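Please read all numbers here as calculations on a predicted model, not as lab measurements.
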Amino acid sequence: MVNNIEAVQSNLSYGRKKGFLRSCTMGILFLKISISFSYANVYQTNRWRSNITPLLNKEKEEKKDKDENDQQAEYICYEKSIRCTMWNADRVVNVDPYKDLHYQVGYSTLAFPKGRPTFYSASKKLSIAFGLYINYDIGALLGPNKRANGPKVSSNQGTLRRGRPIIVVKYTDFALTVTPDVGRFGLEHHDLFGADLKYTGIKNLVIGGGLLQPTLSMLDSETSRGFFLAERPMVIDMLRNVAGGEPRAGFNVIHWKQRYLISVGYTGQRVGKKFTNFQQGQKGGVLRLAGRPIASRNIDLHLGITGTFAVHGENRKYSIVSYNESRLFPSAADFKTGTINGVNSIWAVGPEFALRWKRLIFQGEYYSFFMPRKNEGYGHNDNLHFWGWYGSLNYAIFGAHRHYLPSRAIFAAPEGSLFNPAAGDWGALEWSVRWSYLNLNSHAGDYENNKYAAGVQGGKQKVIATGFNWYPSPHFRVMIDYNHIISSRSRNNLWHLRKKDSNLIISRLQLTF
């Protein structure tokens, strides 16, 4: 969801690059998976050969030795009395296929921590790492999606949702991260996702500045690798676009310990030509407070609150556009407010809640948005109020369940074994379901002089979504989601002049290292 009047999409540029990006994406995916699995199998074979020892009972011991050495992951359970398998493991520790890969390049050393190529100086004070972040989506929107006097969007679609090379330069306690974007976001908005400098010299404290994304809410603090479903719910997109989102110049300070997190940030307007109309001279701020009052083997309880605001200076116009919870059809906005006049500021606040019980996680957030307005022009402008929420369930079917990450106050992506069916290792698999709702109606029936709309009828939308996430390795994820979308009328939106129900099927191939 983007705060903007409908902008002209860069369709021609995107079309010329689309085929090339698809080819590059699939080639990189194949190469990365091949390297990961090849190293895992080589390590497994070498370990099998090195552990052959004289046996007293040959048949019995050979079977035991094979069972143990074929396993390339160790399953750990906190409860010692049970037999620990991928179905009940609390932790999974994989063989590191990159551990012994070191190459001398002049005076520097090339290593692969967590699979990321990294050059280290002789003193180890300076390092340069290269990573990659790719999300490739394929899906179809089914059902009544016909625009008035226009084409249907009920068709298959594939897109490079995110294509982000990552360069990280570290010197002692400073880290400079530069992230270009060649995916759909970069082609439509800005080809630089982020460029920020962070200081980490004080324990449990991160100070960052530059072109960054400040920490907002529980779900927004998670990267797309850890999303329960393919995209964030509508209300979180709306929240982050008040004064967060990316790319946006500003600074952010985060302090945490095992039981709490405090994050505060200051931001300016977003970078990119599409965002300049409504955000010229914008100034904003974000604040997130999170606590973990219960933390035990079987139960984690998370409570928090997030607030954000933005002041728009002399430009008193604002617009909110929202889509279904995918980015397959960016030109077909599900509902939008149109241009809102007289906007002094916008601010939002709401609670966040999450509870883990063993392998099951319930998580939800609710946010209210307030838009004070000044009377100007032809008549009276009502102050506006919008709101939305989501609630989700996530269950780890096999592999280690999600664990709480205090440095971001989230439940991070699950851990699984490296995919190796011969050894009975199948990675990690989880199931998620989510209900989300967003209301962009406020004083919808109010008119000034029986002619001008004093309120806003942007529409209401509910999404019921479910899906599976499979992690065959720490670097790779396969997703399949189904969304049922129920929408009300959105005034002046040609895609959405009447109520409609739609169905969305989306799959994602994701590579990160």
- Message: According to side-chain contact (heavy atoms from CB on, under 4.5 Å), who are the partners of S217, at least two apart in sequence or on a separate chain?
- Response: D220, I236, L239, T306, E352, E365, Y367
- Please name all residues satisfying side-chain contact (heavy atoms from CB on, under 4.5 Å) with Y260, sequence neighbours left out, ordered by chain then number.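 For Y260 the side-chain contact (heavy atoms from CB on, under 4.5 Å) partners, ignoring immediate neighbours, are H255, K257, I262.
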- Taking atom CD of E79 as the centre, does the number of heavy atoms from other residues, nucleotides or ligands within less than 6.0 Å exceed 12? yes
Donor-acceptor contact present, side-chain [X] to main-chain [Y], <3.5 Å:
X: Q269; Y: K283; answer: no
X: S432; Y: L229; answer: no
X: S417; Y: G427; answer: yes
X: N439; Y: N441; answer: yes
X: T337; Y: I320; answer: yes
X: D481; Y: I506; answer: no
X: R116; Y: F513; answer: yes
X: S221; Y: L219; answer: no
X: R259; Y: R292; answer: yes
X: N394; Y: L360; answer: no

List the atom pairs, donor and acceptor, that lie under 3.5 Å between side-chain atoms in residues 192-205 and the rest of the protein, sequence neighbours left out.
unit_1, atom_1, unit_2, atom_2, d
D196, OD1, K198, NZ, 2.6
T200, OG1, D173, O, 3.3

Between [Y] and [X], do the side chains contain a donor N or O and an acceptor N or O under 3.5 Å apart?
X: S487; Y: Q461; value: yes
X: N135; Y: Q510; value: yes
X: Y318; Y: N344; value: no

Report yes if the side chains of [X] and [Y] come closer than 4.5 Å at any heavy-atom pair, otherwise no.
X: R240; Y: R232; result: yes
X: M479; Y: S507; result: no
X: L440; Y: M238; result: yes
X: I166; Y: Y133; result: yes
X: I134; Y: L160; result: yes
X: R402; Y: E430; result: yes
X: Q363; Y: F353; result: no
X: W389; Y: W435; result: yes

- Query: Run the side-chain contact (heavy atoms from CB on, under 4.5 Å) check on Y395 and I361 step by step: do they pass?
  - Reply: CA-CA 6 Å; Y395 182 76; I361 296 173; over 6 Å; no
Results of side-chain hydrogen bond (donor to acceptor under 3.5 Å, both in side chains) for [X] - residues two or more places apart only:
X: Y437; answer: none
X: W431; answer: T466
X: S368; answer: Y366, H385

- Message: Using the side chain to side chain donor-acceptor pair (under 3.5 Å) definition, which of the options H302, R356, Q258 pairs with Y404?
- Response: H302
- Closest approach of S263 and I254, non-hydrogen atoms and distance? OG-CG1, 3.7 Å
- Item | Closest non-hydrogen atom pair between H401 and R359, with its separation |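 Minimum heavy-atom contact is CB-CA, 4.0 Å.
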- Query: Any salt bridge between E74 and R91, counting N to O under 4.0 Å?
  - Reply: no
- Do F398 and W470 have their ring centres less than 6.0 Å from each other?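 Ring centroids of F398 and W470 are no less than 6.0 Å from each other.
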